[in-house]
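Whatever order the structure lists ligands and atoms in, that order sets their numbers, starting from 1. One is the number of the first residue; the rest follow in order along the sequence.
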Amino acid sequence: MSQKTDKQTIQTLLPGSTIGILGGGQLGRMMANAGSAMGYRFIALDPTPDAPTGQVAEQIVAAYDNHDAARELAKRSDVITYEFENVDADVAAMLMAESYVPQGSELLYTTQHRLREKRAIEAAGVRVAPYREIRSVDELREAVTAFGTPCVLKTAMGGYDGKGQWVIRSESEIEEAYETLARARVQLVLEQFIRFDKEISVIAARSPQGEIKVFPVAENIHVDNILHLSIVPARITEDLQQQAERLAERIAEGLGVVGLIAVELFVTADGELFVNELAPRPHNSGHYTMEACRTSQFEQHVRAVCNLPLGDTTLMSPVVMVNVLGEHVAPLLELTARADEAAKRLKVAPKLHLYGKKEAVVKRKMGHVNVLAETTDAALSWIEETTIWKV
Ligand code: AMP
């Protein structure tokens, strides 16, 4: 048996073990907080000194593609995970050779590329928005004619929060859209525009032994392409919620996921579901689980990569998660320092999580608030009454 196969034999890591995280942002921080409470130790690799995860765990300060640093992470960890999906392929392969990486590198390879991801979702028997690979401006012209306008041109790699995308609203934009996105020098994909009624997401966890648990569906509202609110339960029919949950299970199974997979979906007015994209890690739309579910997405991720039985995902209360961006920090801190009359009407005080980022830059994700209430409407009313998130 090769050394690589030996390293990747399924292991159960009990509390006391050290979990290495590639990346030191807020997702790693919340993972380390949840896992530390269970008795695990954490070490993160991140280039920014005193990164959000480094404030609650050990940190190796180095670039993600620094092989010596990755090797040191492997040496000091019993198991390696990651908190972002754009992990360098060489680093992933090296870590697989030197350490135990139960999530493997194949899922990263798939989800780093929109075309590969769409093909994998379809192979699992799940629908995505109709799409075409685009290799030239002529192919784009043909595809726009086939789909009609509007349609969405996307880079296959490297886009996030709406970056690397162009909504083509008329045929006159074809050349400019192509030239602008082709500059990224990666493959392009054109998607039919889905006139969705709602955007939702489902997070599933799968252990190396194949146990799968799904969190309740979140309804997501974006502002300027950045997640603003996650509303749970999502305001869609019970039947659609169940369909979305089954579909996330199918993807977790079909793609051989270990750890978490976040599935973002569009819901049309006539109740059709299309997968938009996947993220193989804890997801912003799952932050509501921290106070509202019996097990948080972060604890579940730790359980899955350590091969422990997965936790109960039951929702204990209606909840709305609202993201705290740079511009929201000062008014929110002011509010926390004075009596909040509106909060007294809620069943639990709104729970603020801050990520320890030093500079409150406009649009930067600095934290989030989980608002638990008798109803999601009551939670939404509190958010509105604060006037902090007025858009
Ligand atoms: P993405 O980076 O792919 O998640 O896209 C960012 C946002 O653009 C999504 O949350 C949607 O609001 C919108 N969007 C992306 N693709 C489509 C599509 N095919 N049809 C309609 N809206 C889309």
Side-chain angles (χ1 to χ4, degrees), residues 27 84-86 108 110-122 126-134 139-140 143-170 173-174 177-178 180-181 184 186-203 217-232 234-236 244 247-248 251 260-287 321-323 325 363 365 391:
L27 301 178
F84 63 98
E85 56 268 55
N86 290 320
L108 281 172
T110 304
T111 54
Q112 277 171 0
H113 193 284
R114 286 190 193 274
L115 282 164
R116 292 198 287 259
E117 180 176 285
K118 287 178 192 303
R119 288 176 190 135
I121 296 167
E122 289 178 313
V126 176
R127 276 216 295 179
V128 296
Y131 66 96
R132 283 207 196 168
E133 181 179 354
I134 302 296
E139 279 190 359
L140 178 59
V144 172
T145 307
F147 288 157
T149 53
C151 49
V152 193
L153 185 64
K154 300 182 179 179
T155 54
M157 295 180 86
Y160 66 97
D161 285 348
K163 295 185 179 72
Q165 308 202 0
W166 187 299
V167 179
I168 300 178
R169 298 192 185 279
S170 93
E173 292 175 28
I174 290 177
Y178 182 80
T180 307
L181 293 199
V186 293
Q187 271 175 300
L188 300 179
V189 50
L190 186 75
E191 290 177 16
Q192 190 174 316
F193 193 86
I194 303 295
R195 292 184 193 283
F196 57 80
D197 192 35
K198 286 199 158 64
E199 291 188 88
I200 60 169
S201 58
V202 188
I203 296 171
V217 179
E219 172 185 343
N220 301 319
I221 295 178
H222 297 86
V223 172
D224 294 337
N225 278 315
I226 301 173
L227 183 65
H228 170 45
L229 301 173
S230 290
I231 302 166
V232 189
R235 296 168 298 183
I236 56 174
L247 185 154
I251 289 174
L260 299 183
I261 185 94
V263 182
E264 292 186 52
L265 301 124
F266 299 131
V267 187
T268 65
D270 37 358
E272 283 185 298
L273 295 173
F274 295 94
V275 173
N276 175 27
E277 60 180 4
L278 307 179
R281 52 167 170 78
H283 195 256
N284 194 166
S285 69
H287 292 356
M321 189 262 356
V322 56
N323 261 341
L325 305 182
K363 301 280 173 231
K365 287 178 185 171
V391 281

Exercise for review: Report yes if some heavy atom in the side chain of Ile134 is under 4.5 Å from a heavy atom in the side chain of Leu181; otherwise report no.
Suggested key: no
field: Sub-4.5 Å side-chain heavy-atom contact between Leu273 and Ile200
entry: yes
In ligand 1, the atoms that come under 4.0 Å of a heavy atom of Lys154 are 3 (O), 15 (C), 16 (N)
Given the rule in the side-chain contact (heavy atoms from CB on, under 4.5 Å) test, do Ile226 and Lys365 qualify, once you have shown the distances and angles that lead to the verdict?
CA-CA 9 Å; Ile226 301 173; Lys365 287 178 185 171; 3.8 Å; yes
Self-check item: Ion pair check, Glu139 and Arg132, cut-off under 4.0 Å
Solution: no
Checklist entry - Heavy-atom contact under 4.0 Å between Gln165 and ligand 1? => result yes
Heavy atoms of Phe274 and Val128 approach each other most closely as CD2-O, 3.5 Å
In ligand 1, the atoms that come under 4.0 Å of a heavy atom of Arg114 are 2 (O), 3 (O)
One finds that the ligand 1 atoms under 4.0 Å from a non-hydrogen atom of Phe196 are 12 (O), 21 (C), 22 (N)
Hey, are Lys118 and Glu133 close enough for a salt bridge, meaning a charged N less than 4.0 Å from a carboxylate O?
no
Do Met321 and Asn284 have side chains that get closer than 4.5 Å, going by heavy atoms?
-> yes
Q: Would you check whether Phe266 reaches within less than 4.0 Å of ligand 1, judged by its heavy atoms?
A: yes
Within 4.0 Å of some non-hydrogen atom of Asn225, the atoms of ligand 1 are 6 (C), 7 (C), 8 (O)
Heavy-atom proximity to atom 10 (O) of ligand 1 ranks first, among Glu199, Lys163, His222, for Glu199
Would you check the N or O atoms of Ala129, main chain and side chain alike, for any that come under 3.5 Å of an N or O of ligand 1?
no
Taking only non-hydrogen atoms of Ile194 and a 4.0 Å limit, the atoms of ligand 1 in range are 18 (C), 20 (N), 21 (C)
